[in-house]
Amino acid sequence: MSKPRDRIAPSPTGPLHIGTARTALFNYLHARHTGGTFILRLEDTDQARSSIAYEKDILDGLHWLGLHWDEGPEIAGEAARGPYAPYRQMLRLPLYEAATKRLLAADMAYPCYCTPEELDADRKAQEAAKLPPRYVGRCAALTREERAVCVAEGRPAAIRFRVGTGVVGFDDIVRGRVEFDVANLGGDFVIVRGDGSPLYNFVVVVDDAAMEISHVIRGEDHLSNTPKHVLLFRALGHPEPRFAHLPLILNPDRTKMSKRKSQTAISDYIAEGFIREALVNYLALLGWATGTEEEVLSIDEIVERFELADVHKGGAVFDRERLEWLNGQWIRRLEPEDLIERLRPFVAVQLAAGRIDWMPPDDDLRALLPVISERLPTLGAIGDLVGFLWVHELVYDTGLLVPKRWDVATAHVALAAARATIAAVGAVAFEADELEPPLRALAEARDWKVGDLFMAIRVAVTGRTATPPLFDTLVALGPERVLIRLDAAIERLAHA
RNA sequence: GCCGCAUUCGUCUAGAGGCCCAGGACACCGCCCUCUCAAGGCGGAGAUCACCGGUUCGAAUCCGGUAUGCGGUACCA
């Protein structure tokens, strides 16, 4: 048996959607697991809604996720890859025309001259009669003469495919046997618009046939289109591919995930600092599981374990909390240099937003890694976590300097004493291990709770009540700035 | 309306007739660790397996029906 050929066929009418990314991932997983070929095809026949910016967003997103395709369209000056080019539907128009002609010649399709008004009236009448909407077949049996009249009148002709009668069935890999009575398909459906442009349900089949796609893996929302596709494959004289309809990703209210109710653009997740390993891992686990208790898996481990037959049938609610947890898991698994590399753009964003005053050198970031990696649910959290390290002036509420058990005077005395203690440690010995003992001793000598003393110092040097461990933070700041900030805090308290 | 698909803790899921009065993970709660916040460890709470009926010595697992939800029903993709 020949190797599988799987494809993702996004339409550039919006940014890369979580659902498209998941479908792409499952196609990729199936191709890689079986040693097959993963193909990218751009479905850009909806010219009105397609844009090059969306196309770029989609391609970049797929690349970012690591879903590299074996065959695909030309992009940014790079030639198309693969023996079935072009991989962009607007460039394949002649193929659809040829297929249309064949269908027309065999009378498996026919021109339809119905106007939108007529169609609309039909639909309304059916609705009023509580009948399911379907094409009434007005043009199905036009004589040569009648057609000639329409042509002479210059009426545009859409092309309709004859659905015939009977039951169409197929064996869906995830759902099993699915059957539809052709009578419920809504009548002969349009495959080419009046303006000559072909429709999705048609081109998808022409292309899947031409590209020898063996497995059509897509969202469940396409399940009811499948009988039309099966009919078309047969009419075109091409063997049908296997179908696998994936469960939908859902909004919290269990409706199909949508922009209205959820964050759906992959680029938004990237911008927040989710990393590809986590997103891929999370998406793979929506609708599929290994059957073991393994959950944190690399894409290669998933490829190894993936089976289409193990995919679920029921929809899955997108759970951001779980994604965040996985993101943390993966951030902690990154090699230090890799993490620095990925963190840098997020620090740059802070700088550009004016939330920090300078860009820290990599050495500074590297030194921080041990204390920040377990505190980053997303890379974008870096600013909130340690942005105070890279600003000239701290902005905070003076009241924070006074722990609950203390009054202003105590805080003032304590910070002054802490300043002296820290100064006494000196720049040469400015290490966490050298700073902690004397400050603990100070608290003990004055009968202060160490937590209170440390909290006052923490706020004085960071402006925040939640930070990485205090002594590591002091070291990261360096002796000069620690003393300057302590002085500033002491000054504040003097006036409080 | 019609057609189709689905239904195990709040969420993601394990489960393919006895191992399940249902296991894991996220979230939640408590404890431990602890200078705060995390991370980590331990523990807890949380599912009459949608419902009803059948098959069977025995059903979350098989069969039928019902309910609910979702998807589709375009000269969108």
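Order of the sequence lines fixes the chain letters, A, B, ..., with proteins taken first and strands second; residue numbering starts at 1 for each chain.
Going from the C1' atom of B/U48 to that of B/C20 covers 14 Å, rounded to whole Å. As rounded to the nearest Å, B/C31 and B/G24 have P atoms that lie 22 Å from one another. Taking atom C1' on both B/C57 and B/C12, the two are 36 Å apart, rounded to the nearest angstrom. Rounded to the nearest Å, the gap between the C1' atom of B/A22 and that of B/A14 is 9 Å. Nucleotides B/C62 and B/C19, compared at atom P, are 16 Å apart to the nearest Å. Rounded to whole Å, the C1' atom of B/G10 lies 30 Å from the corresponding atom of B/G17. Taking atom P in both B/C51 and B/U8, the straight-line distance is 11 Å, to the nearest Å.
Across all strands shown, A/G287 has heavy atoms under 4.0 Å from sugar-phosphate atoms exclusively, and none from any base. Across all strands shown, A/R175 has heavy atoms under 4.0 Å from sugar-phosphate atoms exclusively, and none from any base. Within the 4.0 angstrom heavy-atom criterion, only backbone atoms of the sugar-phosphate kind lie near A/E293; the bases stay farther away. Residue contacts shown for A/E179 are limited to sugar-phosphate atoms, with no base heavy atom under 4.0 Å away. Using a 4.0 Å heavy-atom criterion, one finds that A/L470 contacts the bases of the nucleic acid, with or without backbone contacts as well.
One atom, CH2 of A/W406, and another, P of B/C35, lie 15 Å apart when rounded to the nearest Å. B/U11 atom P lies 16 Å from atom CE of A/M257, rounded to whole Å. Regarding A/L368, its CG atom lies at a distance of 15 Å from the C1' atom of B/A38, rounded to whole Å. Atom CD in A/E294 sits about 17 Å away from atom P in B/U13, given to the nearest Å.
Pair check for B/G46 finds none; no Watson-Crick or G-U wobble contact set falls under 3.5 Å. A 3.5 Å limit on both hydrogen-bonding distances identifies no Watson-Crick or G-U partner for B/U55. Checking B/C75 for Watson-Crick or G-U wobble geometry (two distances, each under 3.5 Å) identifies no partner in any strand. Across all strands shown, B/G4 pairs with B/C70; the Watson-Crick or G-U wobble distances both stay below 3.5 Å. Nucleotide B/G10 forms a pair with B/C26, judged by Watson-Crick or G-U wobble geometry with both contacts under 3.5 Å. When Watson-Crick and G-U wobble pairs are counted only if both distances are under 3.5 Å, B/G40 pairs with B/C32.
Residue A/R332 places at least one side-chain N or O under 4.0 Å from the OP1 or OP2 atom of B/G40.
Comparing A/E374 and A/L286 by the nucleotide of RNA chain B that holds the closest heavy atom to each, the one mapping nearer the 5' end is A/L286. Remark on RNA chain B: of its neighbouring residues A/D452 and A/A316, the 5'-side contact belongs to A/A316, judged by nearest-heavy-atom nucleotide.
Counting heavy atoms from C-beta on, the side chains of A/L334 and A/E277 come closer than 4.5 Å. With a 4.5 Å cut-off on side-chain heavy atoms, A/I457 and A/L415 count as touching.
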**Request:** Please report the C-alpha distance between A/F26 and A/F306 in whole Å, then the side-chain angles of each, then the deciding distance to 0.1 Å, and finally whether the ring-ring contact (aromatic ring centres under 6.0 Å, His included) criterion is met.
**Result:** CA-CA 9 Å; A/F26 278 45; A/F306 187 77; 5.3 Å; yes
Which is it for A/F471 and A/F454 under the ring-ring contact (aromatic ring centres under 6.0 Å, His included) test, yes or no, and what are the steps along the way? CA-CA 9 Å; A/F471 305 101; A/F454 290 2; 5.0 Å; yes
Next on the checklist: I'd like to know whether A/H222 forms a ring-ring contact (aromatic ring centres under 6.0 Å, His included) with A/Y200, so could you lay out the CA-CA distance, the side-chain angles of the two residues, the decisive distance to 0.1 Å, and finally the verdict.
Outcome noted: CA-CA 11 Å; A/H222 286 288; A/Y200 167 78; 5.5 Å; yes
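Each of A/T23, A/L286, A/V317 was compared with A/I249 under the side chain to side chain contact (heavy atoms under 4.5 Å, CB included) criterion, and only A/L286 meets it. Checking each of A/F318, A/Y269, A/F274 against A/Y282 for a ring-ring contact (aromatic ring centres under 6.0 Å, His included) leaves exactly one that passes, namely A/F318.
Each of B/U36, B/A27, B/A39 was ranked by its minimum atom distance to the side chain of A/P469; first place goes to B/U36.
Residue A/R375 places no side-chain atom within donor-acceptor reach of the base of B/A39, judged by atom type and a 3.5 Å distance cut-off alone.
Distance check: A/L385 CG to A/L368 CG gives 9.0 Å after rounding to the nearest 0.5 Å.
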B/S/- along nucleotides 69-77 of chain B (protein heavy atoms under 4.0 Å) is -SSS--BBB
Between the protein and nucleotides 42-49 of chain B, which nitrogen or oxygen pairs come in under 3.5 angstrom?
none

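With respect to the salt-bridge test (charged N to carboxylate O, under 4.0 angstrom), the residues A/R155 and A/E118 qualify. Of the charged side-chain nitrogens involved, none lies within less than 4.0 Å of a carboxylate oxygen, so that A/D207 and A/R7 do not count as a salt-bridged pair.
Residues A/F233 and A/D208 share a closest heavy-atom pair of CZ-CB, 3.8 Å.
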